[in-house]
Each structure stands twice: as structure tokens, then as C-alpha cells.
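All ligand and atom numbering here is 1-based and tracks the order in the structure. Computed from heavy atoms alone, side chains included, the values below leave out hydrogens, waters and symmetry copies.
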Amino acid sequence: MVKMLQCLVVLVSLVVSVHGLDNGLALTPPMGWMSWERFRCNIDCKNQPNDCIGEKLFMDMADRMVEDGFKDAGYEYVNIDDCWASKERDSAGKLQADPDRFPSGIKKLADYVHSRGLKLGIYNDFGTKTCGGYPGSLGHLEVDAKTFAEWGVDMLKMDGCYADVKTMPQGYPNMTKALNATGRPILFSCSWPDYERASKIQPDYKLIAKNCNIWRNYIDIQDSWDSVLKIIDYYAQEQDTLAAVSAPGSFNDPDMLIIGDFSLSVEQAKAQMAMWSILAAPMLMSNDLRTISPEFREILLNKEVIQINQDPSGKMGKRVMQETGIEVWSKTTADSKLAIVFLSRRTDGIPTNYSIILRDAGATSNSAYEFIDLFTWKSVGKFGKRDTMKVAINPNGVRMLLGTPAKTAA
Ligand SMILES: *[C@@H]1O[C@H](CO)[C@@H](O)[C@H](O)[C@H]1NC(C)=O
Ligand SMILES: *[C@@H]1O[C@H](CO)[C@@H](O)[C@H](O)[C@H]1NC(C)=O
């Protein structure tokens, strides 16, 4: 009996350790905030003290996350992107924060973020310089990993500018080891496959998933609907490869949420939220939480949509249908619910009436599903897999439905 139990324990731990970087982190897609898309490399703190890459920005965002419900909804990481560092390493060869913009230093900032019950993320670059021209980590991986750990950093995004792409399959795992050696669990975000794609090298996603918790596959998101659609296109085109490595501890990262910024309409914002949810994507907002309007905040705080994103299976949804400007994406959750996103790329003014046999939208259960709409929280009705479901989808918008299989009689 004990032997059998031991066998079982070994088996279970084997199954669990097959996927993903083994640091206990990102068992569901990480959620939080990141500076890049919205605040870029604005270092002009003299003239724009509220909008520059400096400690005030990150403290402000931490405050908003706690006080405006984002933390309660699951948003946890406050992430510094590029342009935080001083142009020179210190006399001991360590990275140091720009003294004018981060006068208290990163350690103090980490303490502040932790005191608010959140986590701090930071950025470095695998090459000789960061994309913004700050000191790179090539030849300094160990000392930089130690520095981040000493500061109390919880997440690291390692970019790949000014680097030899061919060395990344060895170099990124070197950083994984260096982070591990610090003893501090640090969620590791890799840009490695994106740089390989750009160099027409097929990424080795098994190796990437072993060494990174999340990774960027595709170009940086910009503040436009067109950019959101391009990313979705890439995920559809590569979905079999990408879905195969999406699991607890390891997630594809289609880049930041731009909800509440300058370009997306409310419908488009719902569409990005629904798509990132069903893709099991990291939910890293890049927006100004101090001025975001209520309709966008409500979208970002949609607990039901977040729950699908945080589904413990870690599975990525897939596109199962594409016709007349409508796409159907679907996934089955760990608890056998069926999530469906109807995405419209149409621009012809009126909602599109679309019909689909539920089986074609991924339904497998023999019992009928009770559906609710995750943006209106209204019932949509009961459908078996042979039934035809009819939905109306707004132009440039989505419907996101969740079907719960009815309990079958015992
Ligand atoms: C990775 O680490 C190994 C062992 O220390 C070293 O030989 C190799 O040069 C490193 N590669 C890169 C690209 O950093
Ligand atoms: C380091 O790696 C080992 C083995 O994969 C793992 O058990 C441990 O949790 C890791 N530690 C950290 C701090 O990431």
C-alpha cells in the first residue's frame, strides 16, 4: 500500500513537471501592469513628472491597483519595462537605477509595492544594450540575476535587442539557471522566440517552455485595433504549435492589454479582453489607471472573463471557424465548461447574425450546456451539441459565452 502510494506520488510529480519552468510560478497566466506600451521610454521627469519612467509612476499604479479593485480582481505584478537604468553600471559592475528618476532605488520601490500586497517586475536585455540603449546583460547574467534578487524583484522580462539571435537557445537558459541560483522565485518572461521568428528561425518551444514562464512570440503591440488583429492572426496561424506548449507554468504572451488607451473603442476593448482571456494570455495592462474611464475599467475587472483566463488547465483556446468576417474561438476549461468567443472583424454597421452548430464550436458533452453571456451576464439559453446557436455580434466586437454542461442524472 505504501509502495503503491509512493509510486502514485512519483507519477503525479512526473506528470506535473513535464511542462513549464519549474519555479512554482505562473501556474495560471500572470496578471498585472507594465509600463512599455503606454509610457514607452519617456525619461523627461522634469517636464512630465507624472508620465515619465520614474518611481512615482510605479507607486501611483500600485496605489490604483489596490484602491480601484484591480488587485482584488487578480492583477498582481507592477512591471518596470525599459529605460529605468542608469547609462552606466556602478563601480562593482552592477546595474543601477537612474538616480534622478528613481531616487529611492529599486529595493525601496519593491518594498513599497510589496507593502501594498503586490509584486514588482523589472526589465533587462540579453544583448550588449537594451532596446532603448541602456546597459545590456551580456556577460553579466549572474551578477544581474543576483542584483534583481537582492532588490526583491519578482518578475523579469529579458528582451533581445543588440544580441546574436543564434546564441539565445543557450543564453536564455543560462539566465534561467542564474535566476534559479539566487534562490528567489522570479517569474521569467523571455523575448527569445519573437527574435527567432523575426530572423526566420523556428523557435524550439519545448526548450522555451522549460526555461521561461511566459514568452513573447510576435511583434510589440501598438495602440491600434489593427495591431490587435495582426496578433490574433499570428496566433491563429500558429495555433497548433502554440497551444501545445500552453500549460501551468508556461504561457504564450501576445503582449500587453491596451484597454483604456487612446485607440480601442469599447467594443474593441471587450474583444481584446475576451481574446486574451481565451488564449490563456498574460493579462498585463499598459494604460493609465489614474485616468482610465469607468467603461474600460469595468471591462478589465470582468471577473467571469478573468476566470476563463485563469482556468487551471492552462490551455490555450483555438480558432475553430472563420467565415464572412466572423471568427469562432473556443476552449474547454478544467471543469468541462465550454468558453466560446465570437469575434467580428466586420465594419458594415449593424450586428451580424451568425449561426453555428454547437459541435462545430467545440462542444463535446452529451448533456446540453446552459450558456451565459460573459459581458451582459444574461442567459443565452440551453444548447446540446447538435443544436444550432444563433448570436448577434457587433461590428469590431465580440460575444463571449460560457456554457456549463447540465448535470446528467445518475
Ligand atoms: C551559457 O553558459 C555556458 C556555461 O557557463 C557558457 O559556456 C556559454 O558561453 C553561455 N552561453 C551564452 C550564449 O551565454
Ligand atoms: C530551482 O530549480 C529547481 C529544480 O528545477 C526547483 O525545484 C526550484 O524550485 C527552483 N528554485 C527557484 C528559486 O526557482
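Using the six-membered ring where Trp is involved, Phe39 and Trp33 have ring planes that are tilted, between 30° and 60° apart.
Using a 4.0 Å threshold on non-hydrogen atoms, atom 5 (O) of ligand 1 does not count as touching the protein.
Judged by the 6.0 Å distance and 45° axis criteria, Lys87 is positioned over the aromatic ring of Tyr134.
Rounding to the nearest 0.5 Å places CG of Asp51 at 12.0 Å from OG of Ser35.
The backbone N or O of Ser250 lies less than 3.5 Å from no partner atom in the side chain of Asn213, so there is not a single donor-acceptor pair.
Ligand 1 places these atoms under 4.0 Å from at least one heavy atom of Gly171: 12 (C), 13 (C), 14 (O). The distance from ligand 1 to the heavy atoms of Asn174 drops below 4.0 Å at these ligand atoms: 1 (C), 2 (O), 3 (C), 8 (C), 10 (C), 11 (N), 12 (C), 14 (O). Annotation for ligand 2: atoms under 4.0 Å from non-hydrogen atoms of Gly183 are 13 (C).
When the heavy-atom distances from atom 3 (C) of ligand 2 to Asn23, Leu179, Asn180 are ranked, the shortest goes to Asn180.
With salt bridges taken as basic N to acidic carboxylate O contacts below 4.0 Å, one links Asp60 and Lys56. Ion pairing of Lys210 with Asp204 is absent here, as no side-chain N (NZ or NE/NH1/NH2) approaches a carboxylate O to less than 4.0 Å.
Among the atoms of Asp22, some N or O lies under 3.5 angstrom from an N or O of ligand 2. Annotation: Thr167 places no N or O atom under 3.5 Å from an N or O atom of ligand 1; distance criterion only.
Nearest protein neighbour of atom 7 (O) of ligand 1, counting heavy atoms only, is Gln170 NE2, 4.9 Å.
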